[in-house]
Amino acid sequence: MEIEKKIDQVVEWLQDQVRKSGTKGLMVGISGGIDSAVVANLIKRAFPDNSLGVLLPINSNPKDVEDGIAVCEKAGLKYMQMDLSEEKSDILDLVNKNLKESGLYDEERARNTDANLRARLRMSTLYAVANNLNYLVVGTDNAAEVYTGYYTKYGDGGVDLLPIATLKKYEVFQWAEVMGVPKSVIDRQPTAGLWEGQTDEIEMGTTYAYIDAFLDGKVIPEMDREIIERLHRVSQHKRVMPPYPEV
């Protein structure tokens, strides 16, 4: 099957990246969503004895954890769980307290500040584990997310490898089916779990189907095309190294 062949190629690529880096294995943050489920299966295939899934709930829906554990158990992937809710609250409370005392606090940006802190705290925790194990941190961004910049800079975008960055969302679903990802994960609505009721498509203002079609060169509604192009334009800084002056 063509998909199985591509999966094997990515597994070999992951193995090669670890060899070149002089590390021992791979790990991924498990969200309970389909992207991390596919990556979990990839790293398990690449390094059956040196791969790890890490669940990092932060005031999360219990269903996220339930689905994440189901993914790991179905894949036979070792996993650990660390709840970072208290740590996130401590940092956010400290930041907000100082901003308010300085008269700088902006209530309108509070939700995004909270959401991005969650992503960056998870990244820091993943790297703390990875450093101890001498593993590489594997990211879960797909082609639609890479193009639109739908990830947190130095958060879920802060990784060593992006094995599914060339896959459109519909291809991620195809791979998930082939790899035997639990149906509860395949059927759930895509969400980054950044706040209650948050979904990817509501936040982006368009759908994965339209983004995939756009990336495939198909015609989509003008409004959606403009949204996708704007998201790509304003997120360009996420896809390059920080700029520096040539002096």
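For the atom pair L162 CG and D141 CG, the distance stands at 5.5 Å (nearest 0.5 Å). Remark: S89 OG to I58 CD1 distance equals 9.0 Å, nearest 0.5 Å. Taking SG from C72 and CG from D67, the interatomic distance works out to 11.0 Å, rounded to the nearest 0.5 Å. Here CG of L126 is found 7.5 Å from CE of M82. Values are rounded to the nearest 0.5 Å. One distance of note links CH2 of W175 with CD of E4; it measures 9.5 Å at 0.5 Å rounding. The line from CD1 of I186 to CD1 of I34 is 5.5 Å long, rounded to the nearest 0.5 Å.
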Margin query: For N96 and Y105: C-alpha separation, side-chain torsions, deciding distance, then whether side-chain contact (heavy atoms from CB on, under 4.5 Å) applies.
Written below: CA-CA 7 Å; N96 289 343; Y105 181 73; 3.4 Å; yes
Checklist line | Worked verdict on F173 versus Y208 for side-chain contact (heavy atoms from CB on, under 4.5 Å) | finding: CA-CA 12 Å; F173 279 97; Y208 278 114; over 6 Å; no
Next item on the list: Any chance you could lay out the side-chain contact (heavy atoms from CB on, under 4.5 Å) test for N59 and R118, step after step, and finish with the verdict?
Entry: CA-CA 10 Å; N59 304 123; R118 296 183 192 208; 4.2 Å; yes
Next item on the list: Start with the C-alpha gap between K97 and E101, add the side-chain angles, then the distance that decides, and say whether salt bridge (charged side-chain N to carboxylate O under 4.0 Å, His left out) holds.
Entry: CA-CA 6 Å; K97 176 177 179 291; E101 289 176 352; 2.9 Å; yes
Checklist line | Test log, rule side-chain contact (heavy atoms from CB on, under 4.5 Å), inputs V54 and L56 | finding: CA-CA 6 Å; V54 184; L56 299 167; 3.6 Å; yes
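L117 and L94 are assigned to two separate hydrophobic clusters, defined by single-linkage of ILVMFWY side chains at heavy-atom distances under 4.5 Å. One hydrophobic cluster, built from ILVMFWY side chains closer than 4.5 Å, holds both V95 and L84. Y154 and V146 fall into different hydrophobic clusters, defined by Ile, Leu, Val, Met, Phe, Trp and Tyr side-chain heavy atoms under 4.5 Å apart, directly or through other members. V240 and L231 sit in two unconnected hydrophobic clusters of ILVMFWY residues. Membership requires side-chain heavy atoms under 4.5 Å apart, directly or through other members.
Screening V172, V28, V71 against V38 for a side-chain contact (heavy atoms from CB on, under 4.5 Å) leaves a single residue, V172.
Across every non-hydrogen atom of D49 and Y135, the tightest pair is O-OH, 4.3 Å. Nearest heavy-atom pair across A46 and V11 is CA-CG1, 3.6 Å. A pairwise comparison of heavy atoms in G205 and I227 identifies O-CD1, 3.2 Å as the closest pair. Shown here for V159 and G139, the closest heavy-atom pair between the two residues is CG1-CA, 3.6 Å. In plain terms, the two heavy atoms of M179 and N41 that are nearest each other are CE-CB, 3.3 Å. In terms of heavy atoms, I30 sits closest to G53 at CG1-CA, 3.8 Å.
Side-chain atoms of V138 and D160, non-hydrogen and from C-beta on, never get closer than 4.5 Å to each other. The closest side-chain heavy-atom distance from R45 to I7 is below 4.5 Å. At least one side-chain heavy atom of Q81 sits less than 4.5 Å from a side-chain heavy atom of P57. Looking at L136 and M27, their side chains never come closer than 4.5 Å, going by heavy atoms from C-beta outward. A heavy-atom distance below 4.5 Å is not found between the side chains of V10 and I164. Looking at heavy atoms from C-beta onward, L161 lies in side-chain contact with L26 at the 4.5 angstrom threshold. Here the side chains of M204 and I211 are in contact, with some heavy-atom distance below 4.5 Å.
When atom types are taken as modelled, the side chain of E145 and the backbone of N142 share a donor-acceptor pair closer than 3.5 angstrom. The backbone N or O of L121 lies less than 3.5 Å from no partner atom in the side chain of S124, so there is not a single donor-acceptor pair. Side-chain atoms of S31 come within 3.5 Å of backbone atoms of G33 as a donor-acceptor pair (strictly under, hydrogens ignored). For the pair N132 (side chain) and A128 (backbone), a donor-acceptor distance under 3.5 Å is absent.
In the model, R239 has a side-chain atom that pairs as donor or acceptor with a side-chain atom of S235 under 3.5 Å. Of the N and O atoms on the side chains of Y170 and D216, at least one donor lies less than 3.5 Å from an acceptor on the other residue. Checking S36 against T140 by side-chain atom types alone, no donor-acceptor pair falls below 3.5 Å. Side chains of T23 and N134: a donor-acceptor N/O pair is absent below 3.5 angstrom, by distance only.
Residue pairs that meet the salt bridge (charged side-chain N to carboxylate O under 4.0 Å, His left out) test with at least one member in residues 70-95, sequence neighbours left out, are K88-D114. Within the structure, the ring pair (Phe, Tyr, Trp, His ring centres under 6.0 Å) test picks out no pair touching residues 12-47 (sequence neighbours left out). Annotation: ring pair (Phe, Tyr, Trp, His ring centres under 6.0 Å) contacts involving residues 54-82, sequence neighbours excluded, are absent.
Under 4.0 Å is where a charged nitrogen must lie from a carboxylate oxygen, and between D156 and R122 no such pair does. A salt bridge links K169 to D35: at least one charged side-chain nitrogen sits closer than 4.0 Å to a carboxylate oxygen. The pair R225-E222 meets the salt-bridge criterion, with a side-chain N (NZ, NE, NH1 or NH2) lying under 4.0 Å from an Asp/Glu carboxylate O. In summary, E229 and R233 do not engage in a salt bridge, as defined by a charged side-chain N under 4.0 Å from a carboxylate O. For E12 and R19, the salt-bridge test fails: no basic side-chain N is under 4.0 Å from an acidic carboxylate O. A salt bridge links R188 with D64: the distance from a Lys NZ or Arg NE/NH1/NH2 to an Asp or Glu carboxylate oxygen falls below 4.0 Å.
Note: Y147 and H232 have parallel aromatic rings, judged against thresholds of 30 and 60 degrees for the angle between ring planes.
In this structure, K63 places its NZ atom where more than 12 heavy-atom neighbours from other residues, nucleotides or ligands lie under 6.0 Å away. By the 6.0 Å contact criterion, CZ on F214 is enclosed, its count of non-hydrogen atoms from other residues, nucleotides or ligands being greater than 12.
The cationic group of K238 lies under 6.0 Å from the six-membered ring centre of Y151 and within 45° of the ring axis, placing it in a cation-pi geometry.
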